[in-house]
Amino acid sequence: MSPTLTRRRLLAGIAGTAGLAGTAGAAAWAGGLFDAHLVAPDGNLVARTESARRRAGARTVSATLNPRPVTLDLGGRQVQTWGYHDSVPGPLLRARAGDVLRVDVTNGLDADTSVHWHGVALRNDMDGVPGVTQKPIAAGGRHTYEFTVPDPGTYFYHPHSGVQLDRALYGVLVVDDPNETGRYDQEWIVVIDDWVDGTGRTPDDVLASLQSMGGHGDMPGMDPGDMGGMTGMSMGGMETMTSPLLGGAGDVDYPRYLINGRGPQAPVTLAGRPRQRVRIRLVNAASDTAFRIALGSHRLTVTHTDGFPVTPTTCDALVLGMGERADVTVELADGVFSLVAVAEGKNGQGLALVRTGAGSTPGTAVHPPELDRRVLLTGGLSAADAVRLERRPVDRVHRLVLGGSMMPYRWTVNGATFDKLDPLLVGQGERVRLEFVNTSSMFHPMHVHGHTFAVTDTGARKDTVIVVPRQTVAVEFDATNPGQWMTHCHNIYHAETGMMINLAYQE
Ligand code: C2O
Ligand code: CU
């Protein structure tokens with residue numbers, strides 16, 4: 001997901017100068033992107049916006065991240081990969097709304113990296129997009145991120161460099177609400193992922209195979225016992241991974257699906273007591289997989305999506321696209337229950353156990369009936385009154401037609417890949433509407449950096465929204481966070497091969 005260095009108009013500013021770390025300010029960008037008078041990530045407007053957000057006496061929460069090669073035990077299987085920890089997800093970062101988060105990153109990888117704070121309306125120069133908001137953090141290098149976290153909610157962090165997110169480089173950021181009104185007895189954080197690294201191919205191999213074989217064909221050197229399926233076709237008449245809810249459901253058939261770092265053969269256990277109310281913060285950190293999530297013998301009451309509250313809505317199962325989060329509340333029954341995340345339209349599932357009493361352990365293929373009852377997509381929820389975007393006339397509309405092909409493997413916005421796309425211009429203070437028009441046969445979870453939009457039809461406040469084939473989803477937001485913001489599909493293979501565009505504030 002890092003923009004390539006061949007992009008026109010964007011790169012001159014960063015490649016040829018001292019970059020962003022210094023005090024050069026907007027001057028560092030002159031002649032690059034900013035020939036169009038765009039707001040510089042390290043310029044005054046961004047700095048002023050951050051000062052306005054910062055409260056006097058704000059507490060600073062400090063943390064460190066050390067991306068590095070690690071060996072993980074996925075449960076009955078060791079894999080070599082890259083992670084922030086010797087386990088996955090990476091360290092849980094936790095702050096209160098209004099705090100300053102300061103994270104020192106030391107890059108122990110043999111590759112450039114970066115850290116993006118997914119969903120956070122932060123200052124633009126801390127957004128973690130190499131080539132746009134910062135220089136990449138070189139192998140052995142260090143970088144400090146420091147920014148105010150304005151809004152409570154469930155967020156996550158991951159690199160914005162290539163397909164590194166498809167390794168173990170992700171972790172959760174919880175921003176607590178100082179005025180939390182929800183009542184619950186305990187909290188579980190549940191992170192779901194699709195897994196391939198260390199099973200005979202890396203995510204970079206997967207990308208190369210998609211690009212060289214148009215999304216099908218065999219790749220030598222795989223672990224045959226582990227590879228249930230191969231990279232499949234999602235377009236062009238050979239749809240092997242489709243879902244009635246989402247249409248084309250992905251390009252990669254993963255050998256494993258994880259919940260909190262464990263495959264279904266060795267699931268984590270979440271312990272509680274009968275009748276306790278538990279808040280579950282669900283995060284889909286996968287790269288190419290949406291999950292249908294249910295807890296056997298329980299219903300889920302969704303209270304938040306992408307960090308922001310919704311009118312509490314009860315369902316049996318919930319679908320989360322890549323990059324989406326949801327907070328749900330459950331009232332625990334007595335026994336042993338399966339928390340299942342089915343890879344939507346694919347083969348396999350993630351599993352965790354919920355244990356509040358005696359009971360037998362379910363098998364890895366357990367299929368609670370809730371999975372096939374009332375299934376909800378979070379874009380269909382309605383915003384809680386407190387976070388409803390006020391009505392006002394739209395100042396600016398951008399239409400983003402989503403398309404692509406498997407052969408060659410490339411994904412596009414308005415018919416072009418990122419390197420050929422002019423930015424979507426917005427003016428400070430404008431009400432902006434983006435219309436995502438999906439003309440492809442696959443679903444795309446569309447993500448906007450630095451803003452929490454409102455889905456126009458429902459009001460749901462989100463930063464990532466699923467757009468299914470032949471659907472148009474309109475979203476609106478107020479342009480109050482100046483800078484250069486990536487807007488892209490959160491299928492990492494789609495983003496990396498072109499489905500990304502810069503949402504650019506003009507001076
Ligand atoms: Cu999690 Cu650019 O995104
Ligand atoms: Cu996509």
Side-chain angles (χ1 to χ4, degrees), residues 72-79 81 83 87-89 156 158 163 165-170 172 188-203 206 222-223 225-232 234 240-243 245-246 249-270 280 282-296 317-326 337-354 361-368 370-371 375 443 445 490-493:
L72 292 185
D73 179 2
L74 304 181
R77 165 116 215 185
Q78 309 263 318
V79 291
T81 184
S87 58
V88 67
F156 78 125
H158 60 76
V163 291
L165 166 59
D166 208 7
R167 303 192 189 228
L169 293 167
Y170 57 83
V172 175
W188 296 334
I189 292 171
V190 169
V191 188
I192 310 165
D193 190 18
D194 48 14
W195 190 269
V196 63
D197 199 25
T199 66
R201 50 183 184 159
T202 66
V206 170
M222 288 175 315
D223 175 341
D226 217 14
M227 303 303 300
M230 267 311 298
T231 299
S234 62
T240 56
M241 290 185 280
T242 58
S243 137
L245 277 175
L246 302 180
D251 299 334
V252 184
D253 194 4
Y254 285 80
R256 283 272 200 293
Y257 297 97
L258 311 181
I259 293 185
N260 292 355
R262 308 288 282 185
Q265 296 80 1
V268 295
T269 296
L270 303 163
I280 310 177
L282 296 163
V283 178
N284 182 347
S287 290
D288 181 74
T289 308
F291 290 97
R292 186 188 298 218
I293 303 154
L295 174 58
L318 183 68
V319 171
L320 281 190
M322 301 79 86
E324 288 189 298
R325 293 89 63 212
F337 306 98
S338 311
L339 179 62
V340 173
V342 173
E344 184 70 21
K346 300 185 178 185
N347 297 308
Q349 61 185 26
L351 175 67
L353 301 183
V354 168
T361 303
T364 56
V366 57
H367 190 89
E370 285 77 8
L371 286 165
V375 182
F443 86 98
H490 220 278
N491 181 311
I492 200 119
Y493 296 95

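Note that the structure is predicted; figures quoted are calculated from it, not measured. All values below were derived from every heavy atom in this structure, side-chain atoms included, with hydrogens, water molecules and symmetry-related copies excluded.
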Does Gly323 offer a backbone N or O that forms a donor-acceptor pair with the side chain of Arg325 under 3.5 Å? yes
Give the C-alpha distance, both sets of side-chain angles, the deciding distance and a yes or no for side chain to side chain donor-acceptor pair (under 3.5 Å) between Gln265 and Thr364. CA-CA 6 Å; Gln265 296 80 1; Thr364 56; 5.8 Å; no
Of all heavy-atom pairs linking Ala290 and Leu246, the shortest is CB-CD1, 3.5 Å
Check Leu270 against Ala352 and note the closest heavy-atom contact, atom names and distance. CD1-CB, 4.3 Å
Contact check, side chains of Val191 and Ile189, non-hydrogen atoms, under 4.5 Å: yes
Shortest non-hydrogen contact from Gly296 to Phe337? O-CD2, 3.5 Å
Is the shortest heavy-atom distance from the side chain of Pro255 to the side chain of Val196 under 4.5 Å? yes
Mind checking what makes ring pair (Phe, Tyr, Trp, His ring centres under 6.0 Å) contact with Phe291, not counting sequence neighbours? Tyr257
Interatomic spacing from CG in Leu320 to CD1 in Ile192 - rounded to 0.5 Å: 6.0 Å
Determine, step by step, whether Leu258 and Arg262 satisfy the side-chain contact (heavy atoms from CB on, under 4.5 Å) criterion, reporting the C-alpha distance in whole Å, the side-chain angles of both residues, the deciding distance to 0.1 Å, and the verdict. CA-CA 5 Å; Leu258 311 181; Arg262 308 288 282 185; 5.9 Å; no
Once rounded to the nearest 0.5 Å, what's the spacing between atom CG of Asp251 and atom OH of Tyr493? 10.0 Å
For residues Val163 and Val206, determine if any side-chain heavy atom of one lies less than 4.5 Å from a side-chain heavy atom of the other. no
Distance-minimising heavy-atom pair for Gly75 and Ala266: CA-CB, 3.5 Å
So Val340 and Glu370, side-chain contact (heavy atoms from CB on, under 4.5 Å) or not? Walk me through it. CA-CA 10 Å; Val340 173; Glu370 285 77 8; over 6 Å; no
Rounded to the nearest 0.5 Å, the CG atom of Asp194 sits from the CG atom of Asp166 at a distance of 5.5 Å
Using modelled atom types and a 3.5 Å cut-off, is there a donor and acceptor pairing between side-chain atoms of Gln349 and backbone atoms of Glu344? no
Can you see which heavy atom on Thr81 is nearest to which on Ala168, and at what distance? OG1-N, 3.7 Å
Walk me through it: do Ile492 and Met322 pass the test side-chain contact (heavy atoms from CB on, under 4.5 Å)? CA-CA 9 Å; Ile492 200 119; Met322 301 79 86; over 6 Å; no
Check Lys346 with Asp288, please: is the shortest side-chain N to carboxylate O separation under 4.0 Å? yes
Side-chain heavy-atom pair Ile259, Val190 within 4.5 angstrom cut-off: yes
Can you tell if the side chain of Arg292 reaches within under 4.5 Å of the side chain of Leu318, non-hydrogen atoms only? no
If we ignore hydrogens and angles and just use 3.5 Å, is the side chain of Asp73 paired with the main-chain N or O of Gln78 as donor and acceptor? no
Are the side chains of Leu165 and His490 in touch, meaning some heavy atoms are under 4.5 Å apart? yes
Do the side chains of Val319 and Leu245 get nearer than 4.5 Å, heavy atoms only? yes
Validation row: Thr289, Asn491 side chains within 4.5 angstrom (heavy atoms): no
Is it true that a side-chain atom of Asp197 and a backbone atom of Val79 form a donor plus acceptor pair closer than 3.5 Å? no
Show your working on side-chain contact (heavy atoms from CB on, under 4.5 Å) between Phe156 and His158 and close with a plain yes or no. CA-CA 7 Å; Phe156 78 125; His158 60 76; 3.7 Å; yes
Let me see the working for Tyr254 and Asn347 under side chain to side chain donor-acceptor pair (under 3.5 Å), right down to the final yes or no. CA-CA 8 Å; Tyr254 285 80; Asn347 297 308; over 6 Å; no
Looking only at atom types and distance, does a side-chain atom of Asp193 sit under 3.5 Å from a main-chain N or O of Trp195, one as donor and one as acceptor? no
Here the pair of heavy atoms bringing Ala294 nearest to Ala317 is CB-CB, 4.1 Å
